[in-house]
Amino acid sequence: MATTKIANWQYLSDYEQERQDVLEIVDRVFSSGRLMLGPEVENFEKHFAAFCGADHGVGVNSCTDALFLALKALGLGQGDEVLTVANTAVPTVAAIRAAGCRPVFVDVDADTFLMNPSKVEQLITSRIRCLLPVHLCGHPADMAPLQKIASDRGIPILEDCAQATGATYNGQKVGAIGTMGAFSFYPTKILGGFGDGGMVITSDDACAASLRRLRFYGMQDGYYAREEGYNSRLDEVQAALLDYRLQRVDEAVRRRREIARIYDQGLAGVGDLRLPVVREGCSHQYYLYTIRTNQRDRLQEFLGGQSIEARINYPVPIHLMDGYRFLGYQAGSLPVTEQLAGEILSLPMFPALGHGEALRVIDAIRAFFQR
Ligand SMILES: *Cc1c(COP(=O)(O)O)cnc(C)c1O
């Protein structure tokens, strides 16, 4: 009997449900006569900022741009250093470099895979001008100790929220905890669109005003550059579609959490598996459901043989990639990060994943460890 493939992520079953609404929204926007930076973008910026609990939202082309422009809005550039992690998506670091800054990597917590605040203090120098924690997998980084360090030193926090839209830390939504938060609306993300998109949220009026200029050639009133700017816009049609999906995002996350509970129950105590943790005071959005095992590569291959796609996010920490060798980090410099890269595996996780499919993933993993 042929088994159907279980993808790591797919959107087609969601699209089947939404298709009529989506096509109506596309037609409404295309018929409006306005395609860029118009009322749909303004509307979505307001709604998304309110959803996160921030005063302002500035729509941009991607989260990479959101991070880059946020660093620019903070006035950072050549000679400034930004403290972040090496087990993140490449764009976190690419954005720091695009802004002319140098990334300084701090090792992570072995259970959450997130920036380890106890290792931050020893890396702080006068050149560090920003803390950039990444809320990887959908779980918030440990913000309270980071806020303490940042306020003691008078430096801002920029949160990479690309994987964690809506996650809460002590009741506050991520992105609204630091000075600014950067979000991705790339299709796979918690709130995904039908193409690229991103946003910076902030409650700092000056940062918001600066971001609005920076995303639009440095212009403010009319065709006149107040400062050197860039081009990073959000389309009207993406904004309208994202606004539609924003109204459904809590339901989508509820579904992700249900799948996580099924995995939690079915995989507890199996082999040497370590399952995702949720820290006290935190909520987990389960962008990824990432497990750890010493037999990662063989498990991944075994699942592949059962038509189950499990991915590695991420197989090589950034400080060990050829593109970032010039930073001068050696193997062994971030021991926890490097060990995790050899042990982590992300199971299929998306709202439309069926109960039966999740059980099939569990059965396959149990079979692997019973061989
Ligand atoms: C996806 C992602 C980004 C980049 O988002 P884009 O919208 O694709 O530019 C940045 N950081 C993290 C952690 C991500 O997962």
Side-chain angles (χ1 to χ4, degrees), residues 8-9 11 41 44 48 57-72 82-99 101 103 105-106 108 112-115 130-141 143 157-167 174-175 178 180-201 211 214-215 230-235 238-239 241-242 245 256 276 284-290 311-319 321 323-324 337 340-341 344 346 349-350:
N8 203 248
W9 176 84
Y11 75 96
V41 170
F44 176 57
F48 188 74
V58 181
V60 294
N61 184 259
S62 67
C63 183
T64 313
D65 277 4
L67 292 164
F68 159 68
L69 295 172
L71 292 168
K72 287 303 218 181
V82 176
L83 200 102
T84 191
V85 289
N87 68 321
T88 181
V90 171
T92 310
V93 177
I96 293 170
R97 291 295 303 151
C101 304
F105 298 120
V106 55
V108 295
T112 61
F113 317 157
L114 303 170
M115 182 179 279
C130 181
L131 303 186
L132 204 169
V134 181
H135 306 303
L136 207 69
C137 302
H139 189 289
M143 294 301 287
I157 297 179
L158 168 60
E159 302 172 64
D160 182 339
C161 307
Q163 301 192 359
T165 300
V174 296
M180 281 185 271
F183 291 82
S184 174
F185 306 126
Y186 184 73
T188 66
K189 304 290 163 113
I190 296 283
L191 176 59
F194 293 78
D196 272 316
M199 194 175 296
V200 185
I201 61 162
L211 285 162
L214 288 168
R215 75 168 171 189
Y230 306 89
N231 168 13
S232 185
R233 295 179 290 233
L234 187 61
D235 299 4
Q238 288 300 341
L241 292 166
L242 286 163
R245 283 200 164 164
R256 285 176 182 273
H284 199 323
Q285 304 300 84
Y286 294 105
Y287 172 64
L288 299 173
Y289 187 95
T290 304
R311 291 202 186 156
I312 304 170
N313 306 84
Y314 298 93
V316 182
I318 292 174
H319 68 296
M321 291 182 181
Y324 292 97
T337 298
L340 285 174
I344 50 177
S346 302
M349 174 57 86
F350 50 93

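Along the sequence shown, residues carry numbers from 1. Whatever order the structure lists them in is the order used to number ligands and atoms, beginning at 1.
Looking at atom 5 (O) of ligand 1, its nearest protein heavy atom turns out to be Cys63 CB, 3.2 Å. Here the protein heavy atom with the shortest distance to atom 7 (O) of ligand 1 is Ser184 OG, 2.7 Å. The protein heavy-atom contact nearest to atom 3 (C) of ligand 1 is Pro91 CG, 3.5 Å.
Here's the thing with Lys189: one of its N/O atoms is less than 3.5 angstrom from an N/O atom of ligand 1. Annotation: Asp160 places an N or O atom under 3.5 Å from an N or O atom of ligand 1; distance criterion only.
Taking the six-membered ring where the residue is Trp, His139 and His284 present perpendicular rings, their angle passing 60° and hence far from 30°.
Here the closest non-hydrogen pair linking Ala341 and Pro315 is CB-O, 3.5 Å. The two residues Met199 and Gly59 come nearest to each other via the heavy atoms CG-N, 3.9 Å.
Near Thr64, meaning under 4.0 Å from any of its heavy atoms, are these atoms of ligand 1: 4 (C), 6 (P), 9 (O). Near Thr88, the atoms of ligand 1 lying under 4.0 angstrom from a non-hydrogen atom of the residue are 13 (C). Near Ala89, the atoms of ligand 1 lying under 4.0 angstrom from a non-hydrogen atom of the residue are 12 (C), 14 (C), 15 (O). When each atom of ligand 1 is checked for a heavy atom of Val134 under 4.0 Å away, the hits are 13 (C). Listed by number with element, the atoms of ligand 1 under 4.0 angstrom from any heavy atom of Ala162 are 2 (C), 3 (C), 10 (C), 11 (N), 12 (C), 14 (C), 15 (O). When each atom of ligand 1 is checked for a heavy atom of Thr92 under 4.0 Å away, the hits are 11 (N).
The only member of Thr337, Val85, Thr84, Val93 that meets side chain to side chain contact (heavy atoms under 4.5 Å, CB included) when paired with Ile318 is Val93.
The backbone N or O of Tyr230 lies less than 3.5 Å from no partner atom in the side chain of Arg215, so there is not a single donor-acceptor pair. Without hydrogens or angle criteria, Gln163 side chain to Tyr287 main chain gives no donor-acceptor distance under 3.5 Å.
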Pair Thr188-Phe350, side-chain contact (heavy atoms from CB on, under 4.5 Å): steps then yes or no: CA-CA 9 Å; Thr188 66; Phe350 50 93; over 6 Å; no

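If you look at Phe185 and Phe48, their ring centroids are closer than 6.0 Å.
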